[in-house]
Participant: 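Sharing a structure with you now.
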Amino acid sequence: MRFSELLITTLREDPADAEVPSHRLLARAGFVFKTASGIYTYSPLMWRCLKKISQIVREEIDRGGGQEMMMPILQPKELWKSSGRWDRYVTDGIMFALQDRRATDLCLGPTHEEVVTAFADAMISSYKQLPVNLYQIQDKFRDEIRPRFGIMRGREFIMMDAYSFDEAQEGLDISYEKMAAAYRRIFARCGLEFSAVQADAGAIGGSGSEEFMVLADTGEDAIITCAGCGYAANVEKAESAIELVDAGEPLEAEEHATPDVRTVEQLVEFFDMPASRMAKTVLYQAVHAESEEFVAVLMRGDLDINEVKLCNAVDCLAVKMADEEQVKALTSAELGFAGPNGLPEKVKLFADRSLEKQSNLLTGCNKSGFHKLNVNLGRDCPDPEFHDLRMAKAGEACPDCSAALTETRGIEVGHIFKLGTKYSKAMEATFMGRDGKPTPFTMGCYGIGVSRTAAAAVEQNHDARGIIWPAPIAPFEVVVAIVDVKREAQVSLAGEIYESLLEAGIDACLDDRKMSPGSKFKDLELLGFPLQVTVGRKADDRVVEFIQRKAGDKEEVAAEDALPRCLSFLRP
RNA sequence: CGGGCUGUAGCGAAGCCUGGUAACGCGCCUGCUUUGGGAGCAGGAGAUCCCCGGUUCGAAUCCGGGCAGCCCGACCA
């Protein structure tokens, strides 16, 4: 491809609305153009990157036993009713819902479990046809609460979604492992530094779940990792070991006047007692499909509540902290004096495991201006239900090997789930089992954000001058740059090298644009091709420059050496 | 949806407080010169100043109401 025939438009300055490096650089280099909030147009160069990522995904999912197909974007409400997800997705506002001219409800597919499950139900009638793994690479639509960071979190985005169908759990375990392995190959081939972490299954549901994270400081997710044994989990899921507090034999509870002492910090000072001896009581509103309830959560004073864990423990759709009015109504006290004793009976009591054996706690007592010493759970208040509800933190001990945990940040580019029979049962999607009985499919689902992967690659690979594409997903592997297109020697030598690269199977391009050398060099650095062969003033002597974008090395080589140098870099 | 902020040419951006019909830089077009780190000179095109209403002789500017976008929090690939 000759650049004189390619639409490339770069910006001298950063667009005002771009914040993170990937968004800034992709917009400035003209790879993406915002059509509306969270909706982007991909330029010809960007599309080349996306096609390369897709192709890597395709090849590796195929190797893992996947079969590519294509599902509809436009989906009927009744399908989503059949899985029970319509109401939740519509009331949560995740889904773009619309009506056709006959007022039939439809949506733009945010994901395709329903479509594929209905398809499998129709097409698969016997266990003899299993296992099957179906996938597609397609646009997805989600009405994100807050689109952000350019194509990192868009409302329309490209996603690979695969769905496995097995007879039973054992088969699913195998299908899942195949996908996990394929995912590792995919991100490794894309040239990304990534980590597979344990994850919460969230709205999609199911048992096992791992996320694939591209490590980057600007990542939206926090990851807890252990250098000792390799344990890695999303903070939403992460566990850790902490030291329990021994507060001795249970003593008699005492109520103390604590005027205006409301926070843990204030209590530490007032009682001269470590926060770990206290239990804070936080009231939450738990949202269920058809109802809502209040729950109280007891957490040791020096630790934080993990709301994802809480949501799972309560087994509800969402939790939100009660507001001031609700707290006052439930505790009949001002904010800051909530306690486990004397709450309305309907308020279910949950507690973190850190408090399971701990005696003599300092808590609120639902009375303005008072706290209680030596509270013992079960004795001074109803027995709470104990769960791990705690946010793991860096510095705490690994749950597996007790080395110290560290926290890093990552961009979620892939997520795999063991769904089990959640959708097949809801939708009555069955096959004839070996025992002659209709059996629901045991399913897994596997997603990769293709467009997000491109953004993550930039996030992880850039410098002050611009993008540094990993070679496997770069729009071109090599750019042959002509410094002065008016000099015949340069044009012909560059053409010669360009042709030789193409013949060798290298994805090369020729920058034959008429522009001053300085701006051409700057422009190419911004665009981020991994290799550059510059044909300039020494063209007459058949000497060119070989430049590695990442290392910044610039080296004069004989024209004949350009091809072998490119080959040894790209195909070692 | 809550909190902070912004909307002026393709991009960046001044002017707004203190009303008088819109500056500058980049980019674009023409010509000449220039050609190894975002070139120089000369000429030129390009703006319903987000929209609607109000105040006023007069509104980018003041007032009211919309809409759109960005950033911080809850959703997710």
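A, B, ... follow the sequence lines: proteins, then strands. Residue 1 opens every chain.
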Participant: In whole angstrom, give the distance that lies between atom CE of M95(A) and atom P of C75(B).
Facilitator: 18 Å
Participant: Compute whether any side-chain donor of one residue and acceptor of the other, for Y498(A) and R2(A), lie under 3.5 angstrom apart.
Facilitator: no
Participant: Do K280(A) side-chain atoms and L303(A) backbone N/O form a donor-acceptor pair below 3.5 Å?
Facilitator: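 Flag set: sc K280(A) to bb L303(A) pair under 3.5 Å.
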Participant: Hey, is R28(A) close enough to D14(A) for a salt bridge, meaning N to O under 4.0 Å?
Facilitator: yes
Participant: In whole Å, what separates the C1' atom of A22(B) from that of U30(B)?
Facilitator: 26 Å
Participant: Could you tell me how far apart E211(A) (CD) and A77(B) (P) are, to the nearest whole angstrom?
Facilitator: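 So the two atoms are 8 Å apart, to the nearest Å.
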Participant: How would you label the contact of M152(A) with the nucleic acid (heavy atoms, under 4.0 Å): base, sugar-phosphate, or nothing?
Facilitator: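 Base contact - M152(A) has a heavy atom under 4.0 Å of at least one base atom.
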Participant: Expressed in angstrom and rounded to an integer, what is the separation of E156(A) atom CD from C76(B) atom C1'?
Facilitator: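 These atoms are roughly 16 Å apart.
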Participant: Can you tell me if Q460(A) uses its side chain to pair, donor with acceptor, with the backbone of L215(A) under 3.5 Å?
Facilitator: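 Pair found, side chain donor or acceptor close to backbone of L215(A).
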Participant: Tell me the interatomic distance from M213(A), atom CE, to C76(B), atom C1', rounded to whole angstroms.
Facilitator: 11 Å
Participant: Specify the separation, in whole Å, of atom CE of M159(A) and atom C1' of C76(B).
Facilitator: 9 Å
Participant: Return the value, rounded to whole Å, for the distance between atom NZ of K140(A) and atom P of C76(B).
Facilitator: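 From K140(A) NZ to C76(B) P: 16 Å.
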Participant: Checking salt bridge (Lys or Arg N to Asp or Glu O under 4.0 Å) against D523(A), which of R465(A), R513(A), R12(A) comes through?
Facilitator: R513(A)
Participant: Can you see whether E236(A) engages N306(A) through a side-chain donor-acceptor pair at a distance of less than 3.5 angstrom?
Facilitator: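 Distance-only check fails for E236(A) and N306(A).
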Participant: With sequence neighbours left out, what residues match R189(A) under salt bridge (Lys or Arg N to Asp or Glu O under 4.0 Å)?
Facilitator: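 Testing R189(A) for salt bridge (Lys or Arg N to Asp or Glu O under 4.0 Å), a comparison that skips the adjacent residues, returns E59(A), E60(A).
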Participant: If you assign each of F212(A) and D14(A) to its closest nucleotide in RNA chain B, which residue comes earlier from the 5' end?
Facilitator: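 The residue mapped nearer the 5' terminus is D14(A).
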Participant: At under 4.0 Å between heavy atoms, what does D221(A) touch on the DNA or RNA strands: base, sugar-phosphate, or nothing?
Facilitator: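 Base contact.
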Participant: Report all interatomic pairs (protein N or O, nucleotide N or O of nucleotides 68-74 of chain B) with separations under 3.5 Å.
Facilitator:
| unit_1 | atom_1 | unit_2 | atom_2 | d |
| --- | --- | --- | --- | --- |
| G69(B) | OP1 | S37(A) | N | 3.4 |
| G69(B) | O3' | K34(A) | NZ | 3.4 |
| C70(B) | OP2 | S37(A) | OG | 3.0 |
| C72(B) | OP2 | R146(A) | NH1 | 2.9 |
| C72(B) | OP2 | R146(A) | NH2 | 2.8 |

Participant: Check this for me: does the side-chain of R142(A) come within 3.5 Å of the base of C76(B) through a donor and an acceptor?
Facilitator: no
Participant: How many whole angstroms separate atom CD of E113(A) from atom C1' of A77(B)?
Facilitator: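 These atoms are roughly 12 Å apart.
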Participant: I'd like to check the ring pair (Phe, Tyr, Trp, His ring centres under 6.0 Å) partners of Y183(A); sequence neighbours left out, ordered by chain and number.
Facilitator: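 Y183(A): ring pair (Phe, Tyr, Trp, His ring centres under 6.0 Å) contacts with F212(A).
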Participant: Taking A42(B) as the reference, what is the distance to C26(B) when you measure between their P atoms (whole Å, please)?
Facilitator: 13 Å
Participant: What string of B, S and - do you get for nucleotides 34-46 of chain B, 5' to 3', if B is base contact, S is sugar-phosphate-only contact and - is no contact with any protein heavy atom under 4.0 Å?
Facilitator: BBBBBS-------
Participant: What is the distance, rounded to the nearest whole Å, between atom CD of E13(A) and atom P of A14(B)?
Facilitator: 12 Å
Participant: Could you tell me if the side chain of H415(A) sits less than 4.5 Å from the side chain of S209(A), heavy atoms only?
Facilitator: yes
Participant: Are any of the side-chain heavy atoms of T111(A) and Y163(A) separated by less than 4.5 Å?
Facilitator: yes
Participant: Can you give the dot-bracket line for RNA chain B, using ( ) for pairs inside the strand, [ ] for pairs that cross earlier ones, | for pairs with another strand and . for unpaired bases, where Watson-Crick and G-U count if both distances are under 3.5 Å?
Facilitator: ((((((((.[[[..)....(...]]].((((((.....)))))).....[[[[[..)....]]]]])))))))....
Participant: Salt bridge or not for K550(A) and D463(A), using N-O below 4.0 Å?
Facilitator: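 No.
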Participant: Test of understanding: with salt bridge (Lys or Arg N to Asp or Glu O under 4.0 Å), list the residues that count as partners of E459(A), not counting sequence neighbours.
Facilitator: none
